[in-house]
Colleague: 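First the structure, which I've put down as structure tokens, then a few questions once you've had a look.
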2 protein chains.
Amino acid sequence: MGITDRKEREKEELKETILKAAKTLFLEKGVEKTSMRNIADRIEYSPGIIYHYFKDKNEIFHALHQEGFKTLSEKMEVLSVIQDPLERLKAMGKIYIKFAMENPDMYDLMFIKEAPLCHVFDSEKEEWIEGGGAFNGLRMTIKQALADGYFPAHESESLAYMVWSTVHGLVSLNIRKRCEVIDITRRENIVSDGLDAFFKLLG
Amino acid sequence: MGITDRKEREKEELKETILKAAKTLFLEKGVEKTSMRNIADRIEYSPGIIYHYFKDKNEIFHALHQEGFKTLSEKMEVLSVIQDPLERLKAMGKIYIKFAMENPDMYDLMFIKEAPLCHVFDSEKEEWIEGGGAFNGLRMTIKQALADGYFPAHESESLAYMVWSTVHGLVSLNIRKRCEVIDITRRENIVSDGLDAFFKLLG
DNA sequence: TGGAATATTAAACAGTGTTTAATTAATTTT
DNA sequence: AAAATTAATTAAACACTGTTTAATATTCCA
């Protein structure tokens with residue numbers, strides 16, 4: 001039946017409209033400072049309607065959260081052509097940081113904010129699927145590096161976490177404006193300079 | 001005159017009481033979820049009174065912020081006896097992480113949350129004094145390390161930022177519950193294991 | 001066309017940070 | 001000591017917030 005299909009589509013459309021408006025506002029003025037009424041105003045509907053499409057504000061957040069991970073993992077796809085694990089690792093770091101610096105609010109949503117993660121993995125103890133997939137790419141690369149003789153005496157899981165921590169630290173301190181302590185002449189490029197320093201350390 | 005002094009002291013006392021109540025609640029249920037009425041309830045005063053001692057909620061946050069930095073810098077004092085810069089750097093990392101893991105909510109307040117930093121350095125462009133002091137200790141240690149021949153071809157500012165980023169990343173990903181991606185058998189000790197991996201990389 | 005289902009809304013509820021004017025208490029001045 | 005002044009404290013209000021409810025408008029199918 002094409003009719004029910006179209007109905008479904010139209011329903012999906014409004015859902016999409018809500019999501020788009022929410023995204024704009026969330027990334028513009030932050031999640032906390034965006035109210036349901038703000039979203040409703042923007043799409044020219046009453047606030048109540050949103051609750052027909054999303055359980056609550058957190059569910060909207062969660063939908064955008066997933067969207068962000070999809071975008072990031074798409075950007076990581078180009079890595080498959082890089083054979084050398086160390087080179088791939090470095091390229092990975094660059095992509096990660098580029099994504100974070102180009103979409104700071106989305107990065108914030110994905111990795112810094114706290115609110116709604118319970119939503120993400122608490123349900124059915126499925127352990128944060130999106131994030132797990134992304135981290136697995138890093139883990140595999142590290143494992144291959146170890147197998148190829150890089151980083152002797154290291155162990156994959158803690159090394160992978162440490163690598164992730166470094167790139168996350170570089171961008172999150174910057175996003176959350178803790179870089180005021182950095183020498184002003186170095187501040188502008190401190191994130192990529194820090195990444196280079198890390199690469200130098202990796203060898 | 002002792003009388004005005006005592007008055008001053010009594011005034012300070014209520015301020016201290018507010019601060020203590022706010023701290024308890026902030027660290028118990030988070031800053032966002034603690035309302036001014038909650039604080040007022042706890043000290044058995046009306047909500048309005050708080051505004052006689054603090055401009056707004058942010059100012060309370062800021063006061064606790066400073067307190068956290070004082071505590072952390074006190075813990076760093078023992079470092080002065082360590083001569084070798086690399087050893088001192090490692091000890092620094094351990095203290096930093098220990099502080100963060102023992103006071104996750106305070107750490108969150110100091111380095112992860114975003115709200116009130118404008119308060120901290122925007123006033124008089126004095127550039128985030130507390131944080132600057134703490135970072136300077138790291139910077140000095142790194143500079144000494146470079147002077148002593150450690151980390152050849154590295155440069156102090158970006159290296160210092162990278163080191164800070166790594167330890168911050170290690171703890172902040174953990175505090176903000178992004179460690180669900182880590183192998184469950186390794187999860188409990190992943191922060192200190194990650195730190196060890198970093199130390200191994202430093203040499 | 002009438003009845004059922006759905007979409008949408010207006011209104012209410014309990015909460016928020018903050019400001020205001022009023023009230024109580026303390027201090028100083030007469 | 002009494003009155004006037006100042007400070008401390010409060011109750012009430014304002015304009016918000018997320019969410020729920022019952023009522024209304026719209027659409028669909030028989």
Side-chain angles (χ1 to χ4, degrees), chain A residues 1-19 21-23 25-26 28-65 109 113-119, chain B residues 1-19 21-23 25-26 28-65 109 113-119:
Chain A
M1 287 298 107
I3 296 166
T4 50
D5 282 10
R6 187 200 41 140
K7 286 266 96 189
E8 197 63 37
R9 235 176 23 250
E10 277 176 12
K11 218 177 153 172
E12 207 60 35
E13 250 172 57
L14 183 46
K15 190 167 183 173
E16 213 52 51
T17 307
I18 294 171
L19 221 46
K23 185 179 179 180
L25 290 170
F26 280 11
E28 207 169 79
K29 42 190 260 181
V31 179
E32 249 77 61
K33 290 185 176 170
T34 299
S35 73
M36 298 303 251
R37 285 169 182 81
N38 291 158
I39 300 171
D41 277 359
R42 184 168 246 272
I43 61 176
E44 295 177 298
Y45 276 81
S46 77
I49 197 65
I50 302 175
Y51 291 87
H52 271 254
Y53 295 89
F54 297 93
K55 191 176 142 281
D56 53 23
K57 200 180 173 184
N58 254 345
E59 200 164 287
I60 303 177
F61 187 113
H62 182 203
L64 293 176
H65 201 260
L109 223 71
K113 285 225 148 61
E114 67 182 327
L117 260 195
C118 43
H119 249 270
Chain B
M1 288 299 106
I3 296 165
T4 50
D5 282 11
R6 188 201 40 139
K7 287 267 99 189
E8 197 62 38
R9 237 180 16 253
E10 278 177 11
K11 217 176 153 174
E12 207 60 34
E13 251 172 55
L14 182 46
K15 189 167 183 172
E16 214 50 53
T17 307
I18 294 171
L19 222 44
K23 185 179 180 179
L25 290 171
F26 279 11
E28 207 170 78
K29 42 190 259 179
V31 179
E32 248 77 61
K33 289 186 176 170
T34 299
S35 74
M36 297 303 252
R37 287 169 181 82
N38 291 156
I39 300 171
D41 277 359
R42 184 168 244 272
I43 61 175
E44 294 177 299
Y45 276 81
S46 77
I49 196 65
I50 302 174
Y51 292 86
H52 270 253
Y53 295 90
F54 297 93
K55 190 176 143 284
D56 52 24
K57 201 180 174 185
N58 255 346
E59 200 163 286
I60 303 177
F61 187 116
H62 182 202
L64 294 175
H65 202 259
L109 224 69
K113 285 223 151 59
E114 66 181 328
L117 260 194
C118 43
H119 250 270

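Within every chain, numbering begins at 1; the chains are lettered A, B, ... in the order of the sequence lines, protein sequences first and strands thereafter. Nothing here was measured: the structure is a model prediction, and the numbers come from that model.
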Colleague: Among D:dT17, C:dT18, C:dT16, which is the nearest nucleotide to the side chain of B:Asp56?
Modeller: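 So the side chain of B:Asp56 is nearest to C:dT18.
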Colleague: Among D:dA11, D:dT17, C:dA10, which nucleotide has an atom closest to any side-chain atom of B:Ser46?
Modeller: D:dA11
Colleague: Kindly say whether, by distance alone, the side chain of B:Arg37 makes a donor-acceptor pair under 3.5 Å with the base of C:dG15?
Modeller: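 In this structure, the two groups form no donor-acceptor pair.
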Colleague: Does some side-chain heavy atom of A:His65 sit less than 4.5 Å from a side-chain heavy atom of A:Lys113?
Modeller: no
Colleague: Figure out the CD1/C1' separation between A:Ile39 and D:dT17, and round it to whole Å.
Modeller: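 For the pair A:Ile39 CD1 and D:dT17 C1', the rounded distance is 12 Å.
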Colleague: Rounding to an integer number of Å, can you tell me how far B:Asn58 CG sits from C:dT16 C1'?
Modeller: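 It works out to 15 Å between those atoms.
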Colleague: Is A:Tyr45 close to A:Thr17 at the side-chain level, that is, under 4.5 Å between some pair of heavy atoms?
Modeller: no
Colleague: Report the distance from atom CD of A:Glu13 to atom P of C:dT8, rounded to the nearest whole Å.
Modeller: 12 Å
Colleague: Do B:Ile60 and B:Met36 come close enough that some side-chain heavy atom pair is under 4.5 Å?
Modeller: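 Yes, close enough: below the 4.5 Å cut-off.
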Colleague: Is the closest side-chain heavy-atom distance between B:Val31 and B:Leu64 below 4.5 Å?
Modeller: no
Colleague: Do the side chains of B:Asn38 and B:Phe26 get nearer than 4.5 Å, heavy atoms only?
Modeller: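 No, too far: nothing below the 4.5 Å cut-off.
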Colleague: Can you figure out which of C:dT18, D:dA8, D:dT19 approaches the side chain of B:Ile49 most closely?
Modeller: D:dA8
Colleague: Which of the following nucleotides, D:dG18, C:dT8, C:dG17, is nearest to the side chain of A:Leu14?
Modeller: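 Taking heavy atoms from C-beta onward, the closest nucleotide is C:dT8.
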Colleague: Reckon B:Tyr53 has a side-chain N or O less than 4.0 Å from the OP1 or OP2 of D:dT9?
Modeller: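 So the side-chain polar atoms of B:Tyr53 do come within 4.0 Å of the phosphate oxygens OP1 or OP2 of D:dT9, strictly under.
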Colleague: Please report the distance, rounded to the nearest Å, between OH in B:Tyr51 and P in D:dA11.
Modeller: 16 Å
Colleague: Whole angstroms only, please: what is the CD1-C1' distance between B:Ile50 and D:dA11?
Modeller: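 That distance rounds to 15 Å.
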Colleague: Output yes when at least one side-chain N/O atom of A:Ser35 is less than 4.0 Å from OP1 or OP2 of D:dG18, else no.
Modeller: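 It does, given that an N or O in the side chain of A:Ser35 lies less than 4.0 Å from OP1 or OP2 of D:dG18.
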Colleague: The helix from C:dT1-D:dA30 to C:dT30-D:dA1: angle between its terminal axes, five pairs each, to 10°?
Modeller: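 Answer for the end axes of this duplex: 20°.
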Colleague: Nearest-Å distance, CD (B:Glu59) to C1' (C:dG17)?
Modeller: 15 Å
Colleague: Starting at atom OH of B:Tyr45, determine the distance to atom P of D:dA8, rounded to an integer number of angstrom.
Modeller: 11 Å
Colleague: Starting at atom NZ of B:Lys57, determine the distance to atom P of C:dT19, rounded to an integer number of angstrom.
Modeller: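 One finds 14 Å between P of C:dT19 and NZ of B:Lys57, rounded.
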Colleague: Mind checking whether A:Glu28 and A:Thr34 have side chains closer than 4.5 Å, heavy atoms only?
Modeller: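 In short, these two side chains do not touch, never coming nearer than 4.5 Å.
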Colleague: Are the side chains of A:Phe54 and A:Lys15 in touch, meaning some heavy atoms are under 4.5 Å apart?
Modeller: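 A side-chain contact under 4.5 Å exists here.
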